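Remember, it's 1-based here, ligands and their atoms both numbered in the order they're listed. Bear in mind the structure is a predicted one, so any value in this text is a computation, not a measurement.
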Amino acid sequence: MADYYLLFGPPGVGKGTQADRLEKTLDLAHVATGDLFREHLKKNTPLGQLARSYIDRGALVPDDVTIGMVAERMTDPDTQKGMLLDGFPRTVAQADALSKMLADRGQKIQRVLFITAPKEVLIERLGNRMTCSNCGTIYNTQTQLPKSDRVCDVCGGEVIQRTDDTPDTQRKRIEVYLEQTIPLVDYFKQRGLLTTIQGEQSIDRVYENLLHAIEAAKKTG
Ligand code: AMP
C-alpha cells in the first residue's frame, strides 16, 4: 500500500519548507496545489486565468476547479508510489473529495501532519518570505537568504516576493484559513488522523517531529 500524507496548517507556517526537505527523504510525489496554480499562472492557461483573481485576493480558488486540478495530477504515474499533499485539502468539500479519490484507488490518508503557530509568527514569516520564481524554493529575508543576491541556490532562478505575499493579502489568507480551513482540524481529529506539531520551533526541530510522526504512522499502518 502506498503512503499518503497531508501537510496541513496555516499560510506561512512552513509547510513548503518542510515539504522540500521531506521530498528528498521520502519517495513520495510532492503535490502542492499552490505550486500547481502558480505553474498554470506562469503558462497563462485558462485554469491559471481563472485562478488568478482568487489567488491575488488571497481567496480560495473554487472547490470544483481545485479538486479537478488535483484529480488530473493524480493521474500522473509518480503519484502511485504515494503522495505528500501540501496545501490541499483546504475545505471540508476538498477533504471529502480526496478521501473518495483515494478510496477509488484502494488507498487512504495515512496521517495528517498539522503544523500550527500563533498568528503573529505567521504574519512575520509571510512578511519575510521570498520564493524562487522558477522552482518555488522558499527563502527568508531574516533567516535564510540565497547565497547570491536574489539568485536561487537550487536552480539559479530569480528569487522574488510572491505577488500574493503583500500585507493585505497575507492578512486575508490567514482570515480565510481561520474561516474555511480550520474546521478540518476537527474533521481529521474525529477520524483519528491528526498529529499536531508546533511550527514556531526551529526548521530542524519541526522536521524531526514530522519524521517521527511519519515513522509512527508507518508502524501502526
Ligand atoms: P499556497 O501556495 O498554498 O499559499 O497557495 C496560494 C494560493 O493558491 C492560495 O491563497 C489560494 O488562492 C490558492 N490555493 C492553493 N491551494 C488551494 C486549495 N486547496 N483550495 C483553494 N485554493 C487554493
With backbone taken as N, CA, C and O and side chain as the heavy atoms from C-beta onward, which portion of [X] lies under 4.0 Å from ligand 1: side chain, backbone, both, or neither?
X	result
L60	both
D164	side chain
A59	backbone

What residue and heavy atom of the protein are closest to [atom], and at what distance?
atom	result
atom 22 (N) of ligand 1	V61 N, 3.0 Å
atom 9 (C) of ligand 1	R90 NH2, 3.9 Å
atom 8 (O) of ligand 1	I55 CG1, 3.7 Å
atom 23 (C) of ligand 1	F37 CE1, 3.6 Å

Considering only heavy atoms of [X], which atoms of ligand 1 have at least one such atom less than 4.0 Å away?
X	result
T66	18 (C), 19 (N), 20 (N), 21 (C)
R173	4 (O), 10 (O)
R38	2 (O), 6 (C)

Using a strict 4.0 Å threshold on nitrogen-to-oxygen distance, state whether [X] and [Y] make a salt bridge.
X	Y	value
E208	R205	yes
R125	D165	no
K100	D96	no
R171	D168	yes
D86	K15	no

Test log, rule side-chain hydrogen bond (donor to acceptor under 3.5 Å, both in side chains), inputs Y207 and T25: CA-CA 11 Å; Y207 180 64; T25 320; 2.4 Å; yes
Compare all side-chain heavy atoms of T66 with those of F88 and state whether any distance is below 4.5 angstrom.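 Yes, at least one pair of side-chain atoms sits under 4.5 Å.
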Counting both backbone and side chain atoms, is some N or O of [X] under 3.5 Å from an N or O of ligand 1?
X	value
T33	yes
G58	no
G87	yes

Given R57, R162, Q94, K15, identify the one with the heavy atom nearest to atom 6 (C) of ligand 1.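 Answer by nearest heavy atom: R162.
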Give a yes or no on whether Q80 atom CD has more than 12 heavy-atom contacts from other residues, nucleotides or ligands under 6.0 Å away.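 For Q80, atom CD is crowded (more than 12 foreign heavy atoms under 6.0 Å).
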Would you name the heavy atoms of C155 and N134 that are closest together and state the gap between them? SG-ND2, 3.2 Å
